[in-house]
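Predicted model only: the values in this text are computed from it and were never measured. Chain letters run A, B, ... following the sequence lines, proteins first and then strands; every chain starts at 1.
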Amino acid sequence: MAGRASAQRGDNGWGEWGGYMAAKKRKLEEQFDKDCMNNVQQHERKSNIFHGISIFVDGHTEPPADELKKLMIEHGGVYHAYYSKDKVTYFISNNLPYAKIRKLKPNDKVVGSQWIIDCIKQNKLLPTHDYEMYKDITKSRGQTELNFKRIEPMKIITSDFNVPNSDDEENNSFEKTSSSSSETEEIQAEDDDNLSALNAKHPKFLETFLKRSRLHYLSSAAVAKKVYVQDLRKKSEHRLLIEKQREELKNKLQRTERDYLFKLNDEKKDKIYMHIDMDCFFVSVATRNQPELRDQPIAITHSKGKKSTTSNENQFYSRSEISSCNYAARQYGVRNGMYLAQELCRNHNAKILCLPYDYEGFHIVSDLFYNTVLSYTLDVEAVSCDEMYVDLTDLILYLKPLHPLTFISLLREEIQLNTKCPCSAGLASNMLLARLATRQAKPNGQFYVEKGYEQEFISKQKILDLPGIGLSLLDKLQQNCSHHTIEICKQIQNLFSLEQLKTILGKKQGQTIYDMSRGIDMRTLSKDYLPKSISIDINYGIRFQTFDELTLFIKQLSLELHKRLKQAKQKGKQLTVKIRVRSLNAPIEPEKFMGCGRTDDSSRLINLHSYTDDVTTIESETIKLLKQFHFIVADLRGVGITITQLQSTTKTTHGQDINGTRTLFECNQFRVSKPAISIDNDDTNQNADQPSESSVTRKRPIQQEQTTTIARK
DNA sequence: ATCCTCCCCTAC
DNA sequence: TAAGGTAGGGGAGGAT
Ligand SMILES: Nc1ccn([C@H]2C[C@H](O)[C@@H](COP(=O)(O)OP(=O)(O)OP(=O)(O)O)O2)c(=O)n1
Ligand SMILES: [Mg+2]
Ligand SMILES: [Mg+2]
């Protein structure tokens with residue numbers, strides 16, 4: 001019964017949220033990084049107001065962590081570089097990332113940094129009550145805002161969303177689309193708070209949300225690119241194009257000495273990989289026709305961020321995420337994925353320019369980027385819309401004598417020319433090192449980790465930069481090594497044996513980290529893309545009062561999922577439903593407008609009778625599973641449906657391309673040209689998938705409790 | 001041992 | 001206001 005009643009644990013199991021050092025990660029390039037640890041400087045003691053108090057600073061704060069550390073020490077407190085449940089009294093953070101808020105445990109107290117400032121100012125220990133950030137906030141939004149304002153570093157002016165400056169980009173859609181199609185009576189209005197009702201109860205919500213979600217864009221675009229590369233491999237014409245391109249390049253090559261000297265690639269199995277990634281992709285695209293803007297800090301956000309035409313202290317409270325920011329902005333510590341809020345509040349980057357999403361542009365540029373690379377080789381593994389791995393071995397052999405740096409220099413030039421956007425690339429003998437090389441190369445650069453320098457290179461790489469290693473895994477390591485601050489690969493090499501790593505992280509992950517920290521990576525490009533799951537998840541705007549409302553939404557999700565299965569030409573035999581329910585002690589409304597806040601998650605799967613992509617099956621099975629959870633409908637904050645155990649509907653040998661290739665123009669809402677390809681319709685085929693009632697569900701006695709999930713008051 | 005379910009984590 | 005999606009690796013621990 002492992003999972004089941006998980007409603008309670010949720011984040012639990014996470015035990016210690018420990019040293020997460022998100023700060024570390026963020027501070028990557030910030031001067032005040034250094035060792036926040038025992039930087040035992042002799043701070044002058046000024047008071048003792050913080051006696052007995054210890055803090056752990058997480059994320060970006062104003063003033064920055066080392067300043068807070070100094071203040072704490074000067075006033076009798078203790079500063080911990082790593083979180084330790086027993087020792088730390090308070091977290092200090094002004095904007096924890098969403099992922100971490102969800103991990104907070106009931107007893108964790110997160111306090112805004114202003115608390116420290118105010119305490120010092122008044123020279124006494126103030127109650128933290130008004131500075132606590134992620135605690136129950138009874139209800140009203142107003143209160144939420146108030147609460148927040150308190151802790152804002154410099155009393156920000158909240159107003160200023162001033163009048164809806166209408167137009168301004170294309171703010172079309174549902175504004176008026178009232179029409180209230182069918183079922184739901186009047187969506188609009190009603191509802192306690194007149195929050196303009198833009199939540200999942202609105203019939204247009206799903207469509208609107210997906211159209212605007214950058215994360216949905218990223219996911220669907222990545223899949224589309226994988227499919228695109230895959231399909232291109234099957235086209236013989238393309239091989240001819242590649243040949244032509246290579247010859248052309250060969251002819252115009254101006255070889256220099258290094259090209260002739262570059263031998264390597266013996267007939268051994270020496271490989272040379274390239275990892276290539278567009279620089280601050282969204283920003284570069286958005287400014288590709290106004291490159292002169294690029295010198296100033298820029299971010300891509302939904303919030304109009306305040307153009308600060310008027311001198312005034314702009315900015316307000318904004319939980320809008322910065323999707324991408326350029327390098328000028330990064331100078332100030334701004335990072336992708338941050339909330340706009342704190343950043344703008346800081347005087348120095350008060351004039352950060354916020355630009356809207358240009359999905360069509362992303363699409364176009366992404367295609368140009370891919371097509372440019374693909375015109376030279378098909379040894380490509382798509383990673384995302386702005387990033388890929390390339391096995392250059394064959395190409396370099398073909399063009400020899402040629403130094404790979406010469407090639408990627410030309411390639412990047414061509415990409416720049418085609419897209420008007422910069423990119424960076426890394427070269428190395430394996431994928432891991434190539435990827436790390438890219439990081440080093442950015443922005444607008446290239447870097448080759450050459451043969452004799454691999455150990456030196458990997459030794460000094462940040463552990464967090466290793467692909468697949470995030471805050472959680474790093475923390476597990478840190479917990480097992482209290483004396484040192486674990487930061488670079490060299491330390492893993494020296495401080496942990498393979499066995500230790502396996503014990504701490506598990507068999508596979510232990511081995512992987514062991515290898516990676518030594519620069520070892522035996523992976524090869526995956527050239528065969530086979531989807532393993534297709535799903536839809538919505539964890540935003542989920543606010544229902546009744547199960548019927550939820551049912552209506554599930555209907556929409558099912559239809560969307562059905563379309564995705566159709567488009568991917570897949571059917572699945574297993575269906576998983578995942579829900580996110582507001583944590584008991586989490587505020588009704590989280591900091592982020594319509595966000596899901598801190599939740600407890602659970603999932604449940606069912607084995608279907610046959611491979612299916614049928615809407616009604618999906619819908620009914622989902623509802624069935626949903627009823628097996630026990631939750632208060634009003635507390636639901638997220639739902640997801642995943643189909644797994646996929647099987648392609650094409651006869652493998654039979655012609656795939658229905659209407660011309662599924663070119664790069666993938667997912668519905670992001671298609672650029674290409675009129676609709678009609679994804680829906682046709683349900684005619686397939687072996688009847690009745691709502692597979694009994695569902696093989698195997699054993700599982702499933703305590704058939706009160707299946708309902710009533711919205712109780 | 002190995003499989004299965006229910007997570008958790010990471011990445012873009 | 002805000003648009004916190006999703007695929008895939010893998011671990012824990014019970015079932016087989
Ligand atoms: N938390 C994130 C991370 C990324 N993205 C989007 C915007 C990015 O432009 C794009 C590509 O991600 P990258 O990690 O490649 O970041 P950038 O291209 O923006 O910057 P870099 O120059 O570091 O590659 O994905 C996002 O929306 N949210
Ligand atoms: Mg990039
Ligand atoms: Mg990228």
Novice: Is the shortest side-chain N/O distance from A/R435 to OP1 or OP2 of B/dA11 below 4.0 Å?
Specialist: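 The answer is no; no side-chain N or O of A/R435 sits under 4.0 Å from OP1 or OP2.
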Novice: For A/Y273, which residues count as a ring pair (Phe, Tyr, Trp, His ring centres under 6.0 Å) partner, sequence neighbours excluded?
Specialist: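 A/Y273 satisfies ring pair (Phe, Tyr, Trp, His ring centres under 6.0 Å) with no residue once adjacent residues are dropped.
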Novice: When the nearest nucleotide of DNA chain C is assigned to A/G595 and to A/S533 on a heavy-atom basis, which residue is associated with the more 5' position?
Specialist: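 Checking each residue's closest nucleotide, the 5'-ward one belongs to A/G595.
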Novice: Can you figure out which of C/dG5, C/dA2, B/dC12 approaches the side chain of A/D537 most closely?
Specialist: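 Of the candidates, C/dG5 comes closest.
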Novice: Please say which of A/K569, A/K566, A/K563, A/R564 ends up in a salt bridge (charged side-chain N to carboxylate O under 4.0 Å, His left out) with A/D613.
Specialist: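 Exactly one option meets the salt bridge (charged side-chain N to carboxylate O under 4.0 Å, His left out) with A/D613, and it is A/K566.
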Novice: I'd like to know if A/R214 and A/E321 make a salt bridge, using a cut-off of under 4.0 Å between side-chain N and carboxylate O.
Specialist: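 Looking at A/E321 together with A/R214, the answer is yes, because their closest N to O distance falls below 4.0 Å.
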Novice: Kindly say if A/N199 contacts the phosphate of C/dA3, meaning a side-chain N or O under 4.0 Å from OP1 or OP2.
Specialist: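 Answer is no, no contact under 4.0 Å.
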Novice: With a cut-off of less than 4.0 Å, is there a side-chain N or O of A/H302 near OP1 or OP2 of C/dT1?
Specialist: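 No, outside the criterion.
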Novice: Are A/R330 and A/Y327 in a cation-pi contact, defined as NZ or CZ under 6.0 Å from the six-membered ring centre and within 45° of the axis?
Specialist: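 Ring-cation test returns yes.
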Novice: Between A/L340 (CG) and C/dA2 (P), how many Å, whole number?
Specialist: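 Value for this atom pair: 8 Å.
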Novice: How would you list, by chain and number, every residue that makes a salt bridge (Lys or Arg N to Asp or Glu O under 4.0 Å) with A/K532, sequence neighbours excluded?
Specialist: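 A/K532 satisfies salt bridge (Lys or Arg N to Asp or Glu O under 4.0 Å) with no residue once adjacent residues are dropped.
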Novice: Can you tell me if the side-chain N/O atoms of A/K304 get under 4.0 Å from OP1 or OP2 in C/dA2?
Specialist: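 No, because none of the side-chain N or O atoms of A/K304 sits under 4.0 Å from OP1 or OP2 of C/dA2.
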Novice: At less than 4.0 Å, is any side-chain N or O atom of A/R604 found next to OP1 or OP2 of B/dC4? Yes or no.
Specialist: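 So the side-chain polar atoms of A/R604 never come under 4.0 Å of the phosphate oxygens OP1 or OP2 of B/dC4.
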Novice: Take atom OH of A/Y357 and atom C1' of C/dA3, then tell me their distance rounded to the nearest Å.
Specialist: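 Roughly 9 Å, once rounded to whole Å.
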Novice: Would you mind telling me which of B/dT5, C/dA2, C/dT6 lies closest to the side-chain atoms of A/Q574?
Specialist: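 That would be B/dT5.
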Novice: What's the CD-C1' distance between A/E387 and B/dA11, to the nearest Å?
Specialist: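 It is 9 Å, rounded to the nearest whole Å.
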Novice: Ignoring the backbone of A/F209, work out which of C/dA3, C/dT6, C/dA2 is nearest its side chain.
Specialist: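 It is C/dA3.
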Novice: Rounded to whole angstrom units, what separation is found between the CG atom of A/D515 and the P atom of C/dG10?
Specialist: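 In whole Å, C/dG10 P lies 12 Å from A/D515 CG.
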Novice: With the side chain of A/Y529 defined as its heavy atoms from C-beta on, choose the nearest nucleotide among C/dG5, C/dG8, B/dC12.
Specialist: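 Nearest to the side-chain atoms of A/Y529, counting from C-beta on, is C/dG8.
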Novice: Nearest of C/dA7, C/dT6, B/dC12 to any side-chain atom of A/S384?
Specialist: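 Out of C/dA7, C/dT6, B/dC12, the nucleotide with an atom closest to A/S384's side chain is B/dC12.
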Novice: How many whole angstroms separate atom OH of A/Y540 from atom C1' of C/dG5?
Specialist: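 Whole-Å distance recorded here is 14 Å.
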Novice: Choosing from C/dG8, C/dG5, B/dC12, which nucleotide comes nearest the side chain of A/K532?
Specialist: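 The answer is C/dG8, which lies nearest to the side chain.
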Novice: Measure from CG on A/L206 to C1' on C/dT6 and round the result to the nearest Å.
Specialist: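 Taking CG of A/L206 and C1' of C/dT6, I get 14 Å after rounding.
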Novice: From C-beta outward on A/L215, which listed nucleotide comes closest to its side chain: B/dT10, C/dA3, C/dG5?
Specialist: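 Comparing B/dT10, C/dA3, C/dG5 against the side chain of A/L215, the answer is C/dG5.
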Novice: Within the 4.0 Å heavy-atom criterion, would you say A/I542 contacts the bases, only the backbone, or no part of the nucleic acid?
Specialist: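 No contact.
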Novice: If you check every side-chain atom of A/H216, which of C/dG8, B/dC6, C/dG5 has the closest atom?
Specialist: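 So the nucleotide nearest the side chain must be C/dG5.
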Novice: List the atom pairs, donor and acceptor, that lie under 3.5 Å between side-chain atoms in residues 636-646 of chain A and the rest of the protein, sequence neighbours left out.
Specialist:
unit_1	atom_1	unit_2	atom_2	d
A/R637	NH1	A/A634	O	2.9
A/R637	NH2	A/I588	O	2.9
A/T644	OG1	A/Q574	OE1	3.1

Novice: Quick check for you: among C/dG5, C/dA2, B/dC6, whose closest atom lies nearest to any side-chain atom of A/S213?
Specialist: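 Looking only at side-chain atoms, A/S213 lies closest to C/dG5.
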Novice: Looking only at side-chain N and O atoms, does A/N539 come under 4.0 Å of OP1 or OP2 in C/dG5?
Specialist: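 Indeed, a polar side-chain atom of A/N539 lies that close.
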Novice: Could you state the CZ-C1' distance from A/R214 to B/dA11, rounded to the nearest angstrom?
Specialist: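 Roughly 12 Å, once rounded to whole Å.
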Novice: Restricting to salt bridge (Lys or Arg N to Asp or Glu O under 4.0 Å), what partner residues turn up for A/K578, sequence neighbours left out?
Specialist: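 Listed in chain order: A/D537.
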Novice: Which one, B/dC8, C/dG5, C/dA3, comes nearest to the side chain of A/S320?
Specialist: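 Nearest nucleotide to the side chain: C/dA3.
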Novice: Could you tell me which non-hydrogen atom of A/C489 sits nearest to which non-hydrogen atom of A/S517, and how far apart they are?
Specialist: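 Of all heavy-atom pairs spanning A/C489 and A/S517, the closest is CB-O, 3.7 Å.
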Novice: In this structure, how many angstroms lie between the P atom of B/dT5 and the CD atom of A/Q628, rounded?
Specialist: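 In whole Å, B/dT5 P and A/Q628 CD are 13 Å from each other.
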Novice: With sequence neighbours left out, write down each residue that passes side chain to side chain contact (heavy atoms under 4.5 Å, CB included) with A/V229, or none if nothing qualifies.
Specialist: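 Once residues adjacent in sequence are excluded, the partners of A/V229 under the side chain to side chain contact (heavy atoms under 4.5 Å, CB included) criterion are A/R233, A/Y370, A/L374, A/V380, A/A382.
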Novice: Is the distance from OP1 or OP2 of C/dA7 to the nearest side-chain N or O of A/S535 less than 4.0 Å?
Specialist: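 Affirmative; the distance criterion is met.
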Novice: Can you list, by residue number, the residues of residues 504-514 of chain A that have a non-hydrogen atom closer than 4.0 angstrom to DNA chain C?
Specialist: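 The answer is A/L505, A/G506, A/K507, A/K508, A/Q509.
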